[in-house]
Asker: 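Sending over a structure as structure tokens; questions will come in a sec.
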Amino acid sequence: MKIWFDITNSPHVHFFAPIIEHFDKKHEIIVTARDFSETLSLLDSYGIKYTSMGNHKGKSKVKKVTGLIRRVFSMIKDLPEFDISFGIGGQNTTPVCAIRRKPAVVFTDNDTSYKWHSYKLGSYFVFPTYFNYRNVMKKYKVKRNQIILYNGFKEDVYMANYTPNSSFLDEIPFKDFITIRPENLKANYVPRDAVTIVPKLFEVFKDENILFLPRYDEEKKYADGYENIYIPDGILSGKDVCYYTKAMLTGAGTFAREAALLGTPAVSFFPGTFLTVDKVMQEKGWEFKSRDVSEIKQYVDFAKKEASRLKNSKVVLNELLKKVDKIIFSLKNE
């Protein structure tokens, strides 16, 4: 069986890595990747071989659509033969599979952004149990037997086998620190009028050591004039950052959810509508949401590390691997 994985964003690398490893000895793996954020460097760090196809087109919707169309046509033309595709969101994989007449498996935990062509053209849809899949069934006429549910969070899948790197702290200049990751203001899912609160966070946390993880080079200027802020030259292990940091403050959700599974105090100051996954973690008390810097400061000052939740993550990973195996088995026996 030839399985094609298409990876378009850096969090997708972590999610697919254990699935690729699971399939690697049983099937032929084809990986394509979009040059965006740390996607390619993360693939390199995992030792996953890939073909780079396309890049990020910024926040312009016109450029995004034309970029998507060009990338899809390039893959239709240049991709080798495959039997089934795996993709997160499915925006790129589903049209290619429709033209090639191959099944497409779509993974997502994003129930605020519905990609109509992914649901119209996809074959199987893999959601966490908290995902409101009935909206998908009603709006896009997706059948219940196309939907596969797993009882956990997307982050459980790749955090399950995490072991802390004992030498991680040698890579940064301090042992006690908080971590700040900015909002992704260039992303289409962030409101156009959103502004960063990172400079305000730097000011209220000026007495703390701060590990700053900018998304783009132009964000580095926020740290000018602060001696308590460290910006790494290269990419650090996000899992190790979440494990060793005193608190994780992020303008998105992924880092907050990873930290939450490790029992690390997690703050999301995302400026848009939260996904259900984040709302679930917030209801559990695992993740704190706010864009008020004084509230964030108070939360971090009093928050304590809790026990890791990774024991359950292993259960989630095993459940998901069994379910994707079942998809492949059913395809082989058609």
Asker: Could you point out which residue of Thr8, Asp44, Ile7 forms a side chain to side chain contact (heavy atoms under 4.5 Å, CB included) with Thr39?
Answerer: Ile7
Asker: Kindly determine whether Ser52 and Asp35 satisfy side chain to side chain donor-acceptor pair (under 3.5 Å), including the steps that lead there.
Answerer: CA-CA 7 Å; Ser52 178; Asp35 186 1; 5.2 Å; no
Asker: May I ask you to decide if the ring planes of Trp4 and Phe82 are parallel, tilted or perpendicular, using 30° and 60° as cut-offs?
Answerer: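 Rings of Trp4 and Phe82: tilted, as their planes differ by 30° to 60°.
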Asker: Judged by atom type as modelled, is there a donor-acceptor pair below 3.5 Å linking the side chain of Thr245 to the main-chain atoms of Thr179?
Answerer: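 Yes, Thr245 side chain to Thr179 backbone: donor-acceptor pair under 3.5 Å.
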Asker: Report the C-alpha distance between Lys200 and Glu295 in whole Å, list the side-chain angles of each, state the deciding distance to 0.1 Å, and finish with yes or no for salt bridge (Lys or Arg N to Asp or Glu O under 4.0 Å).
Answerer: CA-CA 12 Å; Lys200 294 180 179 179; Glu295 287 184 352; over 6 Å; no
Asker: So, the side chain of Asp156 versus the backbone of Phe153: is there a donor-acceptor pair under 3.5 Å, distance only?
Answerer: yes
Asker: With distance as the sole criterion, is a donor-acceptor pair present between the side chains of Glu258 and Tyr158 under 3.5 Å?
Answerer: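 The criterion, which ignores hydrogens and geometry beyond distance, is satisfied for Tyr158 and Glu258.
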Asker: Does the side chain of Gln91 pick up a donor-acceptor pair with the side chain of Ser118 at under 3.5 Å?
Answerer: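 Not at all, the side chains of Gln91 and Ser118 share no donor-acceptor pair under 3.5 Å.
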Asker: So for atom CD, which belongs to Glu21, do other residues, nucleotides or ligands contribute more than 12 heavy atoms lying within a distance under 6.0 Å?
Answerer: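 No.
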Asker: Would you confirm whether Ser123, through its side chain, and Ala104, through its main-chain N or O, come within 3.5 Å as a donor-acceptor pair?
Answerer: yes
Asker: Should the pair Arg215-Glu219 be classified as a salt bridge under the 4.0 Å nitrogen-to-oxygen rule?
Answerer: no
Asker: Salt bridge check, Asp176 against Lys246: does any charged N sit closer than 4.0 Å to a carboxylate O?
Answerer: yes
Asker: Working note: Ile3 + Asp83, criterion side chain to side chain contact (heavy atoms under 4.5 Å, CB included); need CA distance, chi angles, decisive distance, verdict.
Answerer: CA-CA 6 Å; Ile3 305 173; Asp83 298 303; over 6 Å; no
Asker: Report all side-chain donor-acceptor pairs from residues 228-236 shorter than 3.5 Å, counting only partners two or more places apart or in another chain.
Answerer:
{"unit_1": "Asn228", "atom_1": "ND2", "unit_2": "Phe205", "atom_2": "O", "d": "3.4"}
{"unit_1": "Asn228", "atom_1": "ND2", "unit_2": "Lys206", "atom_2": "O", "d": "3.3"}
{"unit_1": "Asn228", "atom_1": "ND2", "unit_2": "Glu208", "atom_2": "O", "d": "2.7"}

Asker: Report yes or no: does Thr129 contribute a side-chain atom to a donor-acceptor pair with the main-chain N or O of Leu149 at less than 3.5 Å?
Answerer: no
Asker: Say whether Val13 and Val241 are linked into one hydrophobic cluster, either directly or through other cluster members, by side-chain heavy-atom distances under 4.5 angstrom.
Answerer: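 Yes, Val13 and Val241 fall within the same hydrophobic cluster.
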Asker: Please find out if less than 6.0 Å separates the ring center of Phe107 from that of Phe125.
Answerer: no
Asker: Tell me whether Lys311 at atom NZ has more than 12 heavy atoms from other residues, nucleotides or ligands lying less than 6.0 Å away.
Answerer: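 No, the 6.0 Å shell around NZ holds no more than 12 heavy atoms from other groups.
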Asker: Given side chain to side chain donor-acceptor pair (under 3.5 Å), test Gln146 with Tyr119 step by step and report yes or no.
Answerer: CA-CA 10 Å; Gln146 292 178 271; Tyr119 291 118; over 6 Å; no
Asker: Is Met248 reachable from Ile210 through a run of I, L, V, M, F, W or Y residues, each pair having side-chain heavy atoms under 4.5 Å apart?
Answerer: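 Different clusters: Ile210 never reaches Met248 through Ile, Leu, Val, Met, Phe, Trp or Tyr contacts under 4.5 Å.
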Asker: Would you say that more than 12 heavy atoms from the other residues, nucleotides or ligands in this model lie under 6.0 Å from the CZ of Phe73, or not?
Answerer: no
Asker: Under a 3.5 Å distance rule, please check whether Lys305 uses its side chain to pair with a backbone N or O of Tyr243 as donor and acceptor.
Answerer: yes
Asker: Check the pair Asp217 / Lys220 against salt bridge (Lys or Arg N to Asp or Glu O under 4.0 Å), numbers first and verdict last.
Answerer: CA-CA 6 Å; Asp217 286 341; Lys220 294 178 181 179; 3.4 Å; yes
Asker: Go through the steps to decide whether Asn92 and Arg71 satisfy the test side chain to side chain contact (heavy atoms under 4.5 Å, CB included), and finish with yes or no.
Answerer: CA-CA 8 Å; Asn92 294 262; Arg71 187 170 189 265; 3.1 Å; yes
Asker: Say whether Leu310 and Leu320 are linked into one hydrophobic cluster, either directly or through other cluster members, by side-chain heavy-atom distances under 4.5 angstrom.
Answerer: yes
Asker: How are the rings of Phe5 and Phe23 set to each other: parallel, tilted or perpendicular (split at 30° and 60°)?
Answerer: tilted
Asker: So if you build clusters from Ile, Leu, Val, Met, Phe, Trp, Tyr with side-chain heavy-atom gaps below 4.5 Å, do Ile29 and Ile88 land together?
Answerer: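 Linked within one cluster.
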Asker: For the side chain of Ser74 and the backbone of Arg70, is there at least one donor-acceptor N/O pair under 3.5 Å apart?
Answerer: no
Asker: Name the residue from Arg181, Lys289, Arg291 that meets the side chain to side chain contact (heavy atoms under 4.5 Å, CB included) definition with Phe269.
Answerer: Arg291
Asker: Could you check whether atom CD of Glu218 has more than 12 heavy atoms from other residues, nucleotides or ligands sitting under 6.0 Å from it?
Answerer: yes
Asker: Is a donor on one side and an acceptor on the other found under 3.5 Å between the side chain of Arg192 and the backbone of Leu185?
Answerer: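 Judged by distance alone, no pair lies under 3.5 Å.
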Asker: What residues form a salt bridge (Lys or Arg N to Asp or Glu O under 4.0 Å) with Asp292, not counting sequence neighbours?
Answerer: none
Asker: Please report the C-alpha distance between Glu283 and Lys279 in whole Å, then the side-chain angles of each, then the deciding distance to 0.1 Å, and finally whether the salt bridge (Lys or Arg N to Asp or Glu O under 4.0 Å) criterion is met.
Answerer: CA-CA 6 Å; Glu283 289 169 2; Lys279 293 177 181 178; over 6 Å; no
Asker: With Glu155, which residues qualify under salt bridge (Lys or Arg N to Asp or Glu O under 4.0 Å), at least two apart?
Answerer: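 If we apply the salt bridge (Lys or Arg N to Asp or Glu O under 4.0 Å) test to Glu155, skipping adjacent residues, the hits are Arg257.
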Asker: Check the pair Val324, Val105 against side chain to side chain contact (heavy atoms under 4.5 Å, CB included), reporting the backbone distance first and the verdict last.
Answerer: CA-CA 9 Å; Val324 293; Val105 181; 5.8 Å; no
Asker: Applying ring-ring contact (aromatic ring centres under 6.0 Å, His included), run through Phe127 and Tyr133 and close with a yes or a no.
Answerer: CA-CA 8 Å; Phe127 305 136; Tyr133 65 86; 7.2 Å; no
Asker: Specify the closest pair of heavy atoms between Pro103 and Cys97, including all atoms of both residues, with the distance to one decimal.
Answerer: O-SG, 3.7 Å
Asker: For Tyr244 and Glu171, test the side chains for any donor-to-acceptor distance below 3.5 angstrom and give the result as yes or no.
Answerer: no
Asker: Without swapping roles, check the side chain of Thr250 against the backbone of Gly253 for a donor-acceptor pair under 3.5 Å.
Answerer: no
Asker: Evaluate side chain to side chain contact (heavy atoms under 4.5 Å, CB included) for Leu249 paired with Ile296, printing each intermediate quantity in order.
Answerer: CA-CA 9 Å; Leu249 287 63; Ile296 294 172; 3.6 Å; yes
Asker: Using every non-hydrogen atom in the two residues, find where Thr264 and Cys242 come nearest and quote the distance to one decimal.
Answerer: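 Here Thr264 and Cys242 meet closest at OG1-O, 2.7 Å.
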Asker: Can a donor-acceptor pair be found between the side chains of Asp6 and Thr32 at a distance below 3.5 Å?
Answerer: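 Short answer, yes.
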Asker: Report the C-alpha separation of Phe202 and Phe212 in whole Å, then their side-chain angles, then the decisive distance to 0.1 Å, and conclude whether the ring-ring contact (aromatic ring centres under 6.0 Å, His included) test is met.
Answerer: CA-CA 10 Å; Phe202 284 168; Phe212 181 42; 5.0 Å; yes
Asker: Determine whether the side chains of Asn135 and Tyr140 contain a donor N or O and an acceptor N or O closer than 3.5 Å.
Answerer: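 No.
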Asker: Does any N or O in the side chain of Glu183 come within less than 3.5 Å of the main-chain N or O of Ile197, such that one atom is a donor and the other an acceptor?
Answerer: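 At least one qualifying donor-acceptor pair exists.
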Asker: Describe, in one word, how the ring planes of Phe274 and Phe270 are oriented to each other, choosing from parallel (under 30°), tilted (30 to 60°) and perpendicular (over 60°).
Answerer: perpendicular
Asker: Under the salt bridge (Lys or Arg N to Asp or Glu O under 4.0 Å) criterion, do Arg309 and Glu306 qualify, and how do the steps go?
Answerer: CA-CA 9 Å; Arg309 301 176 173 99; Glu306 299 179 353; 2.4 Å; yes
Asker: Treat each ILVMFWY residue as a node, draw an edge where side-chain heavy atoms are under 4.5 Å apart, and state whether Leu121 and Val126 are in one component.
Answerer: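 As far as the 4.5 Å side-chain criterion goes, Val126 and Leu121 are not connected within one cluster.
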Asker: When you compare the side chain of Lys49 with that of Val31, does any pair of heavy atoms fall below 4.5 Å?
Answerer: no
Asker: Looking at Ala160, is its backbone amide N or carbonyl O close enough to the side chain of Lys314 to form a donor-acceptor pair, meaning the two atoms are under 3.5 Å apart?
Answerer: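 Side chain of Lys314 to backbone of Ala160: a pair is present.
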